[in-house]
There are 2 protein chains.
Amino acid sequence: MARTTGSDGEKTEATIREAAVNLIARLGYEAMSMRQLASEVGVQAAALYRYFPTKEELLFTLMREHMEGLTDAWEAARPVSADPAQRLSAYVRNHIAFHIERRHATHVSNMELRSLSPERLTQILRMRTAYEKELRAILRDGDETGAFSIDDTGLTAMALIQMMTGVIVWFRPGERLSIAEVTATYLSMTMRLVGAKIDAYSAARPFGRAKDAAAF
Amino acid sequence: MARTTGSDGEKTEATIREAAVNLIARLGYEAMSMRQLASEVGVQAAALYRYFPTKEELLFTLMREHMEGLTDAWEAARPVSADPAQRLSAYVRNHIAFHIERRHATHVSNMELRSLSPERLTQILRMRTAYEKELRAILRDGDETGAFSIDDTGLTAMALIQMMTGVIVWFRPGERLSIAEVTATYLSMTMRLVGAKIDAYSAARPFGRAKDAAAF
DNA sequence: GCAATAATAAAACGAACGTTCAATTAATTC
DNA sequence: GAATTAATTGAACGTTCGTTTTATTATTGC
């Protein structure tokens with residue numbers, strides 16, 4: 001047999017991406033075989049190579065697009081305001097919303113870095129560093145203007161990122177807490193962590209992502 | 001050839017463990033081959049099976065002993081005091097010190113859980129949950145006695161664990177910050193995060209691990 | 001120094017891996 | 001409706017994997 005009735009390249013590629021993210025998140029990149037992925041897609045292993053030249057290129061594509069999505073989401077959510085508390089609030093909201101929405105892709109991007117070639121690893125890390133730099137800038141501004149009180153901006157930025165991204169480890173939709181409740185609690189913890197002088201995150205709420213604002 | 005001059009079972013097993021932790025941390029469990037591990041140890045692959053019946057059993061042993069070590073360290077460091085701030089301070093100190101000391105083993109225990117069989121996974125997770133339960137108890141006590149001000153104890157415990165364990169992702173010994181400086185900053189962030197009423201972590205310092213106390 | 005045992009090497013096992021290639025069929029173009 | 005292009009199959013390639021088996025040598029206890 002060969003080409004199957006109703007087969008469509010675009011649709012197949014999308015199915016491959018989706019199945020790959022889920023499989024890699026569940027089994028790990030090394031543990032997932034191309035045959036397993038193909039079977040999940042409903043296709044023979046050879047067909048995958050029409051869309052991705054190698055297994056690693058597939059992984060890299062998933063990661064790169066995840067990071068691009070994160071950067072784009074922040075570009076869209078970044079407030080015009082110069083107030084550090086409002087900017088930090090927007091950053092936290094965006095980060096948590098994005099990572100909860102894409103738990104599996106985040107897992108892949110965080111756990112499978114070591115399976116990339118050095119050049120590709122560098123490329124992904126550069127994107128990540130650029131994204132984290134935004135947070136450091138907010139913290140520094142807030143510290144300098146007196147809105148925050150921070151011991152070490154770099155260290156605090158890393159601690160916040162780890163804390164926020166950690167949500168995907170334990171959060172399961174539909175359990176005890178809603179996304180809105182989790183976000184509110186993390187926002188409160190963040191503001192206390194950076195020593196925000198006033199309860200600024202409440203005032204900043206209208207500047208959060210439009211999508212989430214309705215939840216409050 | 002067969003038995004080599006000067007070969008010693010105990011020494012070989014210790015070397016295997018050490019090499020395995022480092023290799024798995026660097027390459028990942030699935031990506032590390034038994035032949036690669038054997039070569040690192042300076043032995044043929046077949047020799048490994050005298051000490052560990054399967055690759056997975058080797059992984060499980062590394063993880064179990066890591067978790068036992070963490071529990072034991074906390075048993076030794078746990079203060080007699082009932083003061084929540086002092087207990088939290090001791091928990092943070094112990095957690096960070098232990099994880100920085102054993103960065104590679106922590107990496108393995110956190111990243112390779114999915115390579116365990118269901119029964120072994122359950123066993124490791126049980127140990128982890130028991131350890132985290134201690135933190136939740138401290139937070140609850142502190143919240144109830146008014147020493148802390150916490151929105152959600154369970155969520156705060158997870159956030160703190162993620163934040164603290166995250167140290168191993170970016171911390172490298174001998175760089176900008178010393179272990180003592182990192183610990184102090186994390187302690188300060190933790191106390192603000194839980195809304196500790198006073199600067200209690202300073203008063204609690206004498207109750208930290210004896211080993212670290214000298215650093216202050 | 002001789003028997004028993006501990007530690008390892010060397011070779012082989014079948015299975016699974018990522019990937020390639022040629023053949024074949026469905027859809028599209030003219 | 002014939003020619004072209006897109007999508008996929010099925011089989012095969014060489015390699016590597018975890019593991020087992022058997023033989024061999026070093027060490028230990030008597």
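Protein chains get the first letters and strands the later ones, always in sequence-line order, with residue 1 at the start of each.
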**Prompt:** Any Lys/Arg nitrogen of B:E57 or B:R120 sitting under 4.0 Å from an Asp/Glu carboxylate oxygen of the other?
**Reply:** yes
**Item:** Rounded distance in Å - CD (A:E56) to C1' (C:dT19)
**Value:** 14 Å
**Message:** Rounded to whole Å, please give me the gap between CG in B:L48 and C1' in D:dC17.
**Reply:** 14 Å
**Request:** Measure the distance from CZ on B:F52 to P on D:dT20 and round it to the nearest whole Å.
**Result:** 16 Å
**Message:** Nearest to the B:Y49 side chain among C:dA9, D:dT19, D:dT8, which nucleotide is it?
**Reply:** D:dT19
**Item:** Value in whole Å for how far the P atom of C:dC17 lies from OH of A:Y29
**Value:** 13 Å
Please table the atom pairs, donor to acceptor, closer than 3.5 Å between any side-chain atom in residues 122-130 of chain B and protein atoms at least two apart or in another chain.
| from | atom 1 | to | atom 2 | distance (Å) |
| --- | --- | --- | --- | --- |
| B:T122 | OG1 | B:P118 | O | 2.8 |
| B:R128 | NH2 | B:N110 | OD1 | 3.2 |
| B:T129 | OG1 | B:L125 | O | 2.8 |

**Message:** Give me each pair satisfying side chain to side chain donor-acceptor pair (under 3.5 Å) with a member in residues 30-44 of chain A, each pair once, sequence neighbours excluded.
**Reply:** none
**Asked** Which residue lies toward the 5' end of DNA chain D, A:V43 or B:T54, if each is placed at its nearest nucleotide?
**Response** A:V43
**Prompt:** B:A45 side chain: which of C:dT19, C:dT8, D:dT19 is closest?
**Reply:** D:dT19
**Request:** Indicate whether OP1 or OP2 belonging to C:dA16 is found under 4.0 Å from a side-chain N or O atom of A:S33.
**Result:** no
**Complete:** Of the listed C:dT19, D:dT9, C:dT8, the closest approach to the A:K55 side chain comes from C:dT19
**Asked** Looking only at side-chain N and O atoms, does B:T12 come under 4.0 Å of OP1 or OP2 in C:dT8?
**Response** yes
Sub-3.5 Å pairs of nitrogen or oxygen atoms, protein against nucleotides 11-15 of chain C:
| from | atom 1 | to | atom 2 | distance (Å) |
| --- | --- | --- | --- | --- |
| C:dA12 | N6 | B:R35 | NH2 | 3.4 |

**Item:** Partner residues of A:R102 under the salt bridge (charged side-chain N to carboxylate O under 4.0 Å, His left out) criterion, sequence neighbours left out
**Value:** none
**Message:** Please confirm whether the shortest side-chain N or O distance from B:Q44 to OP1 or OP2 of C:dT8 is below 4.0 Å.
**Reply:** no
Identify each donor-acceptor pair in which a side-chain atom of residues 168-175 of chain B lies under 3.5 Å from a protein atom, sequence neighbours left out, and give them as a table.
none

**Item:** Residues which pass salt bridge (charged side-chain N to carboxylate O under 4.0 Å, His left out) with B:R26, listed by chain and number, not counting sequence neighbours
**Value:** none
**Request:** Could you tell me whether the side chain of A:Y131 and the main chain of A:W74 form a donor-acceptor pair under 3.5 Å?
**Result:** no
**Asked** How close or far is atom P of D:dA6 from atom CZ of A:R50, stated in whole angstroms?
**Response** 7 Å
**Prompt:** Can you check the A:M34 CE to C:dG18 P distance for me, whole Å?
**Reply:** 7 Å
**B:L58 CG to D:dG18 P, straight-line distance once rounded to whole Å** = 11 Å
**Request:** Rounded to the nearest angstrom, tell me the gap between atom CD1 in B:I16 and atom C1' in C:dT8.
**Result:** 11 Å
